[in-house]
Amino acid sequence: MTIAALATAPAAGAVGILRLSGPDALEVGRLLAPGVPARPTPRHAYLASFVDAEGRALDEGLFLYFRGPRSFTGEDVVELQAHGSPRLLRLLLARALEDARVRHAAPGEFTRRAFLNGRLDLTRAEAVADLVAADSEAAVRAAAAGLSGVLASRVQALEAPLRALHADMEGVLSFPDEAEGADEDVGPRVTALRAQAEALLAEAGRGRLVRRGARVALFGPVNAGKSTLFNRLVGEARALVDDEPGTTRDALEARVEWDGLAVTLFDTAGLRETPGRVEALGIARTRELLAGVDLAVLVLPPGVTRAEAAAWTRDAGGTPVLVVDGKCDVADASESPRRRVGGGAVEGGAADASESPRQRVSGGSAEGGAADASESPRQRVNGGAVEGGAADASESPRQRVSGLTGEGVDALRDDMLGRLWGGGTPSAVALVSERHADALRRASEALGRAERASRVSTLEVVSGEVGLALESLGEVSGTVVSEALLDAIFQRFCIGK
Ligand SMILES: Nc1nc2c(c(=O)[nH]1)N(C=O)[C@@H](CNc1ccc(C(=O)N[C@@H](CCC(=O)O)C(=O)O)cc1)CN2
Ligand SMILES: Nc1nc2c(ncn2[C@@H]2O[C@H](COP(=O)(O)OP(=O)(O)OP(=O)(O)O)[C@@H](O)[C@H]2O)c(=O)[nH]1
């Protein structure tokens, strides 16, 4: 069946495209553009008059014919490139759909046909959708890499040797005499392939970062200068700044693009022990937010000790924390923000020392970390920090930054990107999606079982597991796919793609 859809967004633009794909694309296309020869030269742009059912001119545009299989879908494709009026384009589309040989394309159906006709493997078809959805430079570049087959070849480099291994084992099982010895190094081969699968799986985190953008939150004690720093990082005065502690109550967010990577930056309510009721709600929300971001930046006012810093760090709930010394332009603590913070902690400590981990640390730092050291892993960490400033030297020096003067802000941004990204550049990443990661994980698990079986079980069992790994891997490239999987994948495409 021939399908038709508008390939351009349903909004006014300079040019809009109606696309047809299928066996009757040319004939139906020529109903709309009768001036085009019956056997047009493929890939030649004809200037043509587009007409309605009565033969009245609707527009003058370009007519393109791609003869299958040399087309995007692998089928005959016709494009009518008209002036970009949404109303005009709908008239042209309706006219094409009037023909009984044509129906409207489902979302992603052009790309689905390209996949089914072997023009693209599944990873490249998905890269088409990634490219259309890309909203940062890194996302564009990573999707483009996917479209050019970066992930496809990584998967291929795993799939081919896995298939060879499977064939060797099946050979030995079926023809033990002829294939003798082909199963000798099965164990090491499985181990190596499993490591390869794990390495690919490890890129899923970066894939997520590129696709969705990174989420970074500034947090720390009240009045640390978070909002000032946030404004500085965002490049505009978004957050309210005031020297009254607790000014920021709701988390603010702003989207920036750093080195091509989309970053959503959050400014959060300052943490302290004795907040007002409304502020307490803000703090609860901060903790929730911190648990869900990719990186939490702990902004400390001058004079905070390592033990205190370690205590604040725990508010991030397991999210990686980057610690920075804020207000570094303040030479000494004459204005004594340190006292305020320290004072707050002690005050709170008296009120409910038993409850708050932070107070326990304050207590620890005052009374001696050693006393606490045996109690919990958390205390042991703090105890360590308190006991041995020297031993603590392994901790990297904290970034000094001033939101007020801008000092250290660029370096902080680089630090954040380093922590988020690790080495390399965002464009070099193989965009491993959740779907790919899930299939890779199952492949890797099957290989893990194969590894064990190669030591304790029969070749038949090993081969069975390797076969399962192959099946899972086939879901990534598309060599093994169900209709349901294809439906799920192509549903997220837009219409006309
Ligand atoms: N006007 C227009 N622009 C477009 C598209 C389109 O369909 N129409 N595309 C649609 O997404 C993308 C281009 N993708 C395309 C991919 C392959 C072929 C194609 O004809 N492939 C043949 C021939 C290859 C060759 O001659 O080198 C093939 O693969 O056999 C065309 C477009 C982006 N820009
Ligand atoms: N000297 C100096 N003062 C700063 C700096 N950053 C912020 N301040 C001042 O410190 C006070 C608090 O700044 P904010 O940016 O609102 O601090 P915050 O951490 O967001 O505060 P909360 O909203 O209470 O959590 C304001 O008076 C700022 O002008 C800095 O880098 N250097």
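Everything quoted here is computed from the prediction, not taken from an experiment. Note that ligands are numbered from 1 as they come in the structure, with each ligand's atoms numbered from 1 the same way. Along the sequence shown, the residues carry numbers beginning at 1. FYI, side chains are in, hydrogens and waters are out, and symmetry mates aren't considered; it's all heavy atoms of this structure.
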Q. What pair of heavy atoms forms the shortest contact from Leu218 to Thr268, and how long is it?
A. O-OG1, 2.7 Å
Q. What protein heavy atom sits nearest atom 15 (C) of ligand 1, and how far off is it?
A. Phe72 CD1, 3.8 Å
Q: Measure the shortest side-chain to side-chain distance between Leu120 and Thr111 over non-hydrogen atoms and say whether it is less than 4.5 angstrom.
A: yes
Q. Can you list the ligand 2 atoms lying under 4.0 Å from a non-hydrogen atom of Gly270?
A. 25 (O)
(Q) On a heavy-atom basis, which atom in Glu126 and which in Arg492 lie closest, and how many Å separate them? (A) O-NH2, 4.0 Å
Q: Give a yes or no on whether the backbone of Phe115 and the side-chain of Arg124 come within a donor-acceptor separation of less than 3.5 Å.
A: no
Q. Ligand 1 versus Ala7, non-hydrogen atoms closer than 4.0 Å: side chain, backbone, both, neither?
A. neither
Q) Does Ala224 have a heavy atom less than 4.0 Å from any atom of ligand 2? A) yes
Q: Please say whether Lys327 places an N or O atom under 3.5 Å from an N or O atom belonging to ligand 2.
A: yes
Q.
If you take the nearest heavy atom of each of Asn223, Val401, Thr228, Leu229, which one is closest to atom 22 (P) of ligand 2?
A. Asn223
(Q) Side chains of Glu257 and Ser136: any donor to acceptor distance under 3.5 Å? (A) no
Q: Go through ligand 1 atom by atom and flag the ones less than 4.0 Å from a non-hydrogen atom of Pro69.
A: 30 (O)
Q) Is it the side chain (CB and beyond), the backbone, both or neither of Leu404 that lies under 4.0 Å from ligand 2, heavy atoms counted? A) both
(Q) Using side-chain heavy atoms (C-beta onward) and a distance below 4.5 Å, is Phe266 in contact with Leu290? (A) no
Q) Could you give the distance from CD (Gln156) to OG1 (Thr123), rounded to the nearest 0.5 Å? A) 10.0 Å
Q) When you measure from atom 11 (O) of ligand 1 to every protein heavy atom, which one gives the shortest distance, and what is it? A) Lys497 NZ, 2.9 Å
Q: Could you list the atoms of ligand 2 found under 4.0 angstrom from a heavy atom of Gly225?
A: 6 (N), 7 (C), 13 (O), 14 (P), 15 (O), 17 (O), 18 (P), 19 (O)
Q) Minimum heavy-atom separation for Thr2 to Pro23, with atom names? A) OG1-N, 3.4 Å
Q. Is there a donor-acceptor pair under 3.5 Å between the side chain of Arg19 and the backbone N or O of Val77?
A. no
Q.
Under a 4.0 angstrom heavy-atom cut-off, which atoms of ligand 2 come close to Ser402?
A. 30 (C), 31 (O), 32 (N)
**Q.** Numbered atoms of ligand 2 (with element) below 4.0 Å of Val330, judged on heavy atoms
**A.** 1 (N)
Q | Least distance between heavy atoms, Val304 atom then Ala309 atom | A | CG1-N, 3.8 Å
Q) For ligand 1, which part of Ile17 has a heavy atom less than 4.0 Å away: the side chain, the backbone, both, or neither? A) side chain
Q: Verify the contact flag for atom 13 (C) of ligand 1, where contact means a protein heavy atom under 4.0 Å away.
A: no
Q. Please state which protein non-hydrogen atom is closest to atom 28 (C) of ligand 1 and give its distance, to 0.1 Å?
A. Arg119 NH2, 2.9 Å
Q. Any protein heavy atom lying closer than 4.0 Å to atom 3 (N) of ligand 1?
A. no
Q: From the options Arg19, Arg70, Gln81, select the one whose nearest heavy atom is closest to atom 26 (O) of ligand 1.
A: Arg70
Q. Is atom 8 (N) of ligand 1 less than 4.0 angstrom from some protein heavy atom?
A. yes
Q. Nearest to atom 20 (O) of ligand 1, what protein heavy atom do you find, and at what distance?
A. Arg43 NH2, 2.7 Å
Q: For residues Ala411 and Gln399, report the shortest heavy-atom separation together with the two atoms involved.
A: CB-NE2, 3.5 Å
**Q.** Per-atom contacts, ligand 1 versus Glu79 - under 4.0 Å to a heavy atom
**A.** 1 (N), 2 (C), 6 (C), 7 (O), 8 (N)
Q: For the residue pair Phe493 and Phe490, categorise the inter-ring angle as parallel (less than 30°), tilted (30 to 60°) or perpendicular (more than 60°).
A: tilted
**Q.** atom 23 (C) of ligand 1: any protein heavy atom closer than 4.0 Å
**A.** yes
Q. Between Ser477 and Asp121, does any side-chain donor sit less than 3.5 Å from a side-chain acceptor?
A. no
Q | ligand 2 atoms in contact with Ser227 (distance to a heavy atom under 4.0 Å) | A | 15 (O), 16 (O), 18 (P), 20 (O)
